[in-house]
Number of protein chains: 2
Amino acid sequence: MTANILLVEDEPAIQELLAFNVTQCGFRAIQARDVASATAEINRALPDLILLDWMLPDVPGVELARRLRADQRTRNIPIIMLTARTDERDKVMGLESGADDYITKPFSPRELMARIRAVLRRRMPQMSEETVRAEGLELSPTTHRVNANGSPLDLGPTEFRLLHFFMTHAERVYSRAQLLDQVWGDHVFVEERTVDVHIRRLRQAMEPSGMDRLVQTVRGSGYRFSTS
Amino acid sequence: MTANILLVEDEPAIQELLAFNVTQCGFRAIQARDVASATAEINRALPDLILLDWMLPDVPGVELARRLRADQRTRNIPIIMLTARTDERDKVMGLESGADDYITKPFSPRELMARIRAVLRRRMPQMSEETVRAEGLELSPTTHRVNANGSPLDLGPTEFRLLHFFMTHAERVYSRAQLLDQVWGDHVFVEERTVDVHIRRLRQAMEPSGMDRLVQTVRGSGYRFSTS
DNA sequence: AAGTATTGTGACAGTAGTGTGACAGTTACG
DNA sequence: CGTAACTGTCACACTACTGTCACAATACTT
């Protein structure tokens, strides 16, 4: 997964530091010194994530963020704001402009990387519109249908999203909180045990085809979707 | 969650101030005046966070940070650098050495505490998620699975954490008290002999693959995970 | 060799974590 | 509207795990 990351920053020293760290982590760094060249780069090829400085020579970074959010094509590109100001109001403005996260200068490279990864991880699942297949299961996001060994599965909306998430994130264990974040959304206020109930409903729907064994409980940790 | 914080600072006045603030916030303060004693403290028991002064009598703080980052066992311990210098180059150097954050003297106690909490919050949830391998053993925290020469091991939650700790802290002997701190958590009230029982359960699970020999008893001291 | 300290082991009750059925409130849709 | 589907929550059942003990086995001391 070599994501393209667009760095918009005018100070050469910081620009260089960013590029160094980003490439170090296996991402591809695309550099821009101002909003004008950033826009050009975006038009050339959509990046997977934008690291955007607050202060830029031509137009404020927030303004670019707003523009990107207004455009259908760039709406879903995650943005991390890079700002020197620390007072709360600026932070809120940065977020309300559509940034997914922000980080204040001076920043620690480790923290920056952690946030980049977190944002990318959060974004990735919703980009996949392709049909997912695994172990006789076939889930198609576009037609909203699931097949288990040829016979259709009847799932509710939540169970569908849950199964879709599991199939695109197989093997890994997810805690109830993580599943709530990923499947329900990271803002909702729902009991963690609700996850259990939907897991059960998913298993119940998968039981006739014998596929329910794929949804596994990891006691003390959460759940896992696995073919073994 | 009373985290252990190691304070490495030579000036007695600041050392005291740090210790006061840290304990005030419910953390346990471990004090060291130089790199030598800091290293000794780290070897005795791994702290959850290190507050590291830039200038120290024996070795520069950055050097200690680099060393800690190079060692497998201490790689994931968050470090906050404490520095009087404010010019940008020093900051970058401090961060590239692997510090998670830094704070310039003179600092406000509130800011210090905020950073400590932020770093801890960021660190705590993830216990080094990388797959650990040793001698035909393969433990993956993300999938929550253990393989011993290809065949899966069935471990309870505690045995899993115990093995994970051992594999990431191989060769070294740990007393029962230290194991309770590191694997159970430093707040729990549990008999020391309980460790013995879990060691036995771990060995029992590893026995079919012949891996139980890796968990060794050091009479009078504790246990050790070793490949020899 | 006996005596003492330390560790291994089996059993067991209590408990935390999970499965499950039922139900009321909500939304979707004809 | 009225009905059907879906959602979130609860109470209860059930299971696996935990911590502790008593006693056996072992290593060390004198």
Side-chain angles (χ1 to χ4, degrees), chain A residues 144-146 152-166 173-208 211-226, chain B residues 144-146 152-166 173-208 211-226:
Chain A
H144 215 270
R145 272 170 211 272
V146 192
L153 284 193
D154 187 29
L155 299 179
T158 307
E159 282 75 51
F160 185 87
R161 286 201 309 277
L162 186 58
L163 179 57
H164 184 226
F165 176 78
F166 270 143
V173 178
Y174 290 93
S175 69
R176 293 172 174 74
Q178 286 175 315
L179 288 173
L180 283 178
D181 274 4
Q182 300 282 341
V183 179
W184 275 254
D186 48 1
H187 41 30
V188 292
F189 173 63
V190 172
E191 283 290 322
E192 287 205 344
R193 290 300 311 273
T194 301
V195 174
D196 297 32
V197 180
H198 283 275
I199 287 283
R200 179 184 154 270
R201 286 170 182 158
L202 178 57
R203 280 171 174 161
Q204 214 161 19
M206 298 172 80
E207 202 187 339
M211 295 295 198
D212 57 321
R213 68 184 178 81
L214 298 183
V215 180
Q216 302 166 356
T217 305
V218 181
R219 196 180 175 86
S221 298
Y223 296 96
R224 171 180 53 200
F225 182 86
S226 174
Chain B
H144 211 273
R145 291 194 135 119
V146 191
L153 285 192
D154 187 29
L155 300 180
T158 306
E159 282 74 51
F160 187 88
R161 287 200 309 276
L162 186 57
L163 179 57
H164 184 238
F165 177 78
F166 271 142
V173 181
Y174 288 92
S175 70
R176 294 172 173 75
Q178 285 176 317
L179 288 173
L180 282 179
D181 273 6
Q182 300 281 340
V183 179
W184 274 255
D186 46 1
H187 48 345
V188 292
F189 172 64
V190 172
E191 283 290 322
E192 289 206 342
R193 290 301 310 274
T194 300
V195 175
D196 298 32
V197 180
H198 283 275
I199 288 283
R200 179 186 152 268
R201 285 170 182 158
L202 178 57
R203 281 171 172 161
Q204 210 161 22
M206 298 172 79
E207 202 187 338
M211 295 294 199
D212 55 322
R213 69 187 175 81
L214 298 182
V215 181
Q216 302 164 355
T217 305
V218 181
R219 193 177 174 88
S221 300
Y223 296 94
R224 170 180 56 199
F225 182 88
S226 174

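So that the names make sense, note that chain A is the first sequence line, chain B the second, and so on, each numbered from 1.
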Close side-chain approach of A/V218 to A/Y223, heavy-atom, < 4.5 Å: no
Donor-acceptor contact below 3.5 Å, side chain B/Q178 vs main chain B/S175: yes
Minimum side-chain heavy-atom gap B/V195-B/W184 below 4.5 Å: yes
Results of side-chain hydrogen bond (donor to acceptor under 3.5 Å, both in side chains) for B/S226 - residues two or more places apart only: B/E171, B/S228
Terminal helix-axis angle for the helix from C/dA1-D/dT30 to C/dG30-D/dC1, with five pairs defining each axis and rounding to 10 degrees: 30°
Closest non-hydrogen atom pair between A/E192 and A/L180, with its separation: CA-CD1, 4.1 Å
Nearest non-hydrogen partners of B/L202 and B/E159, listed with the distance: N-CG, 3.9 Å
Base-contact (B) and sugar-phosphate-only (S) positions in nucleotides 19-30 of chain C, heavy-atom cut-off under 4.0 Å, - elsewhere: BBSB--------
From CG (B/L155) to CZ (B/R161), nearest 0.5 Å: 11.5 Å
Which atom of A/S221 lies closest to which atom of A/V173, heavy atoms considered: CB-CG1, 3.9 Å
B/Y174 ring center near B/F165 ring center (under 6.0 Å): yes
5'-most by nearest nucleotide on DNA chain D - B/G156 or A/T194: A/T194
Touch class at under 4.0 angstrom, heavy-atom based, for A/V218 against every strand present: sugar-phosphate
Inter- and intrachain pairs under salt bridge (charged side-chain N to carboxylate O under 4.0 Å, His left out), touching residues 193-203 of chain B, at least two apart: B/R176-B/D196, B/R193-B/D196
Which residues share a ring pair (Phe, Tyr, Trp, His ring centres under 6.0 Å) with A/F160, sequence neighbours left out: A/H144
N/O-N/O pairs, protein side and nucleotides 2-5 of chain C side, under 3.5 Å:
| residue | atom | partner | partner atom | Å |
| --- | --- | --- | --- | --- |
| C/dA5 | N3 | B/R219 | NH2 | 3.1 |

Worked verdict on A/L214 versus A/F166 for side-chain contact (heavy atoms from CB on, under 4.5 Å): CA-CA 10 Å; A/L214 298 183; A/F166 270 143; over 6 Å; no
Nucleotides bounding contact with chain A, strand DNA chain D, heavy-atom threshold 4.0 Å: D/dC6 to D/dC17
Partners passing side-chain hydrogen bond (donor to acceptor under 3.5 Å, both in side chains) against B/Q216 (at least two apart in sequence or in another chain): B/R224
Value in whole Å for how far the C1' atom of C/dG8 lies from CG of B/D212: 13 Å
Sugar-phosphate, base or nothing in reach of B/E159, heavy atoms under 4.0 Å: sugar-phosphate
